[in-house]
Visitor: 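What follows is a single structure, and I will ask about it in a moment.
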Amino acid sequence: MLTRGQKEEQVAELREKFDRATSVFVADYRGLDVPKMEALRGGLRQVEGCDAEFRVAKNTLLRLASEGGQADGLREHFAGTTSIAMSFGDPVALAKTLVDYEKANEAFQIRSAVLDGKVLSKTEISTLATLPSLDELRGKIVGLLQAPAGKLARLMTEPAGQLARIMTARESAGGSEGAVEGGA
């Protein structure tokens, strides 16, 4: 059993993490064994840009830590066997990982989430998981920015290329005419 000081320390730690997190997901893990929980933690560590943490905590501590913060809307979901996943980076990457894990493990059920202070429903979480990740969006933006520059470079070199083709054609035409004239 935790002492009062240990509880206060855990509540303060959770509150700090809730405030720093870009998203917080609440899930029921009833029926998952330790190896499956460790597999989820390992999967979260491997997701680039996610910077996530997954943990099991007592509902009382979670309620106290979320009070008045961005995770306050999740208080009603802190019941039963509760686990939380927090992203300190890309919330989409965490949502994708958790939704995929939920599909693979029936015992794991996402209850709700909060993103920038807004509580998300199961449908909204599924939609969030289908969005491109931050890295994918960055790649698309770089591609969009490079496309005009590439077109401009091609336009700038085109007149020189046309001139070179005309000169080559004239040289070829001039060389064959000269051979015909000299032989006659």
Side-chain angles (χ1 to χ4, degrees), residues 2 7-145:
L2 297 173
K7 286 180 187 178
E8 288 173 358
E9 188 177 305
Q10 285 186 4
V11 167
E13 177 191 354
L14 282 167
R15 181 172 288 134
E16 183 271 328
K17 288 183 179 186
F18 282 159
D19 289 342
R20 198 168 42 95
T22 55
S23 63
V24 179
F25 291 79
V26 179
D28 185 343
Y29 68 93
R30 185 186 336 255
L32 284 181
D33 55 16
V34 173
K36 286 184 180 179
M37 296 276 277
E38 288 303 316
L40 175 58
R41 283 187 179 100
L44 289 174
R45 280 190 290 271
Q46 293 174 358
V47 178
E48 273 194 52
C50 187
D51 188 22
E53 180 180 322
F54 177 82
R55 69 190 299 174
V56 173
K58 292 186 177 210
N59 293 318
T60 307
L61 298 178
L62 292 170
R63 280 189 209 101
L64 290 169
S66 66
E67 192 174 322
Q70 77 154 346
D72 194 43
L74 295 174
R75 292 170 54 95
E76 67 186 62
H77 299 285
F78 297 144
T81 52
T82 304
S83 62
I84 55 169
M86 297 171 281
S87 174
F88 305 102
D90 184 7
V92 174
L94 178 59
K96 284 181 183 190
T97 304
L98 293 175
V99 167
D100 289 346
Y101 189 80
E102 181 180 40
K103 288 177 185 173
N105 296 282
E106 290 179 18
F108 185 78
Q109 296 296 313
I110 299 172
R111 292 183 193 153
S112 187
V114 68
L115 175 65
D116 293 330
K118 181 188 182 302
V119 178
L120 304 178
S121 66
K122 288 279 291 178
T123 306
E124 291 170 320
I125 293 168
S126 296
T127 302
L128 179 64
T130 63
L131 295 175
S133 71
L134 193 56
D135 286 340
E136 291 169 334
L137 288 174
R138 285 180 180 147
K140 287 180 181 182
I141 289 172
V142 167
L144 289 171
L145 292 174

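Computation of the quantities below employed the complete heavy-atom set of this structure, encompassing side-chain atoms and omitting hydrogens, waters and symmetry-equivalent molecules.
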Visitor: If we check side-chain contact (heavy atoms from CB on, under 4.5 Å) with F18, which of these qualifies: L74, V24, V114?
Guide: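 Single pass found, and it is V24.
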Visitor: Is there a side-chain contact (heavy atoms from CB on, under 4.5 Å) between F54 and I84? Walk through the geometry before answering.
Guide: CA-CA 6 Å; F54 177 82; I84 55 169; over 6 Å; no
Visitor: So which heavy atom on V99 is nearest to which on A129, and how close?
Guide: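 Looking at all heavy atoms of both residues, the closest pair is CG2-CB, 3.8 Å.
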Visitor: E124 vs K118, test: side-chain contact (heavy atoms from CB on, under 4.5 Å). Steps then yes/no.
Guide: CA-CA 11 Å; E124 291 170 320; K118 181 188 182 302; 2.9 Å; yes
Visitor: When rounded to the nearest 0.5 angstrom, what distance separates CG in D51 from CE in M86?
Guide: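 Reported to 0.5 Å precision, the distance equals 10.5 Å.
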Visitor: Look at atom NZ of K122 and say whether more than 12 heavy atoms of other residues, nucleotides or ligands are closer to it than 6.0 Å.
Guide: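 Atom NZ in K122 is packed in, count exceeds 12.
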Visitor: Rounded to the nearest 0.5 Å, what's the gap from CG on L40 to CG on L44? Could you check?
Guide: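 CG of L44 is found 4.5 Å from CG of L40.
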Visitor: Which is it for E16 and R20 under the salt bridge (Lys or Arg N to Asp or Glu O under 4.0 Å) test, yes or no, and what are the steps along the way?
Guide: CA-CA 6 Å; E16 183 271 328; R20 198 168 42 95; 2.8 Å; yes
Visitor: Between T82 and R111, does any side-chain donor sit less than 3.5 Å from a side-chain acceptor?
Guide: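 Yes - a donor-acceptor pair under 3.5 Å links their side chains.
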Visitor: Please step through side-chain contact (heavy atoms from CB on, under 4.5 Å) for the pair R55 and E53, ending with a clear verdict.
Guide: CA-CA 7 Å; R55 69 190 299 174; E53 180 180 322; 3.4 Å; yes
Visitor: So, for A57 and L14, which heavy atoms are closest and what is the spacing to 0.1 Å?
Guide: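 Shortest heavy-atom separation between A57 and L14 comes out as CB-CD1, 4.5 Å.
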Visitor: Identify the two heavy atoms, one from S23 and one from L115, that lie closest to each other, and give their separation to 0.1 Å.
Guide: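 In this case the closest contact between S23 and L115 is CB-CD1, 3.9 Å.
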Visitor: To the closest 0.5 Å, what do you measure between CZ (R15) and CD (Q70)?
Guide: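 Spacing of CZ (R15) from CD (Q70) equals 13.0 Å.
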Visitor: Could you go through the side-chain contact (heavy atoms from CB on, under 4.5 Å) check for F88 and K17 one step at a time?
Guide: CA-CA 9 Å; F88 305 102; K17 288 183 179 186; 4.1 Å; yes
Visitor: Can you list the steps and then say if K7 with E9 is a salt bridge (Lys or Arg N to Asp or Glu O under 4.0 Å)?
Guide: CA-CA 5 Å; K7 286 180 187 178; E9 188 177 305; over 6 Å; no
Visitor: Please, which pairs that meet ring-ring contact (aromatic ring centres under 6.0 Å, His included) have at least one residue in residues 95-130, sequence neighbours excluded?
Guide: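 The answer is Y101-F108.
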Visitor: With a 3.5 Å distance limit and no angle check, can you tell me whether S112 reaches the backbone of L120 through a side-chain donor-acceptor pair?
Guide: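 Judged by distance alone, yes, a pair lies under 3.5 Å.
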Visitor: Measure the spacing between CG of L128 and NZ of K96 and express it to the nearest 0.5 Å.
Guide: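 L128 CG to K96 NZ: 9.0 Å, rounded to 0.5 Å.
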Visitor: State, to 0.1 Å, how close A52 and L94 come at their nearest heavy-atom pair, and which atoms those are.
Guide: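 What the structure gives for the nearest pair is CB-CD1, 4.0 Å.
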Visitor: To the nearest 0.5 Å, what is the distance between CD1 (I110) and OG (S126)?
Guide: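 It is 7.5 Å, given to the nearest 0.5 Å.
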Visitor: What distance do L62 atom CG and F78 atom CZ have between them, rounded to the nearest 0.5 Å?
Guide: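 Reported to 0.5 Å precision, the distance equals 4.5 Å.
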Visitor: Donor-acceptor check, side chain of T81 to backbone of D28, threshold 3.5 angstrom: yes or no?
Guide: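 Flag not set: sc T81 to bb D28 has no pair under 3.5 Å.
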Visitor: Distance-only, no hydrogens or angles: does the E106 side chain make a donor-acceptor pair with backbone N or O of K103 under 3.5 Å?
Guide: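 Not at all, since once roles are kept as given, no pair shorter than 3.5 Å links the two residues.
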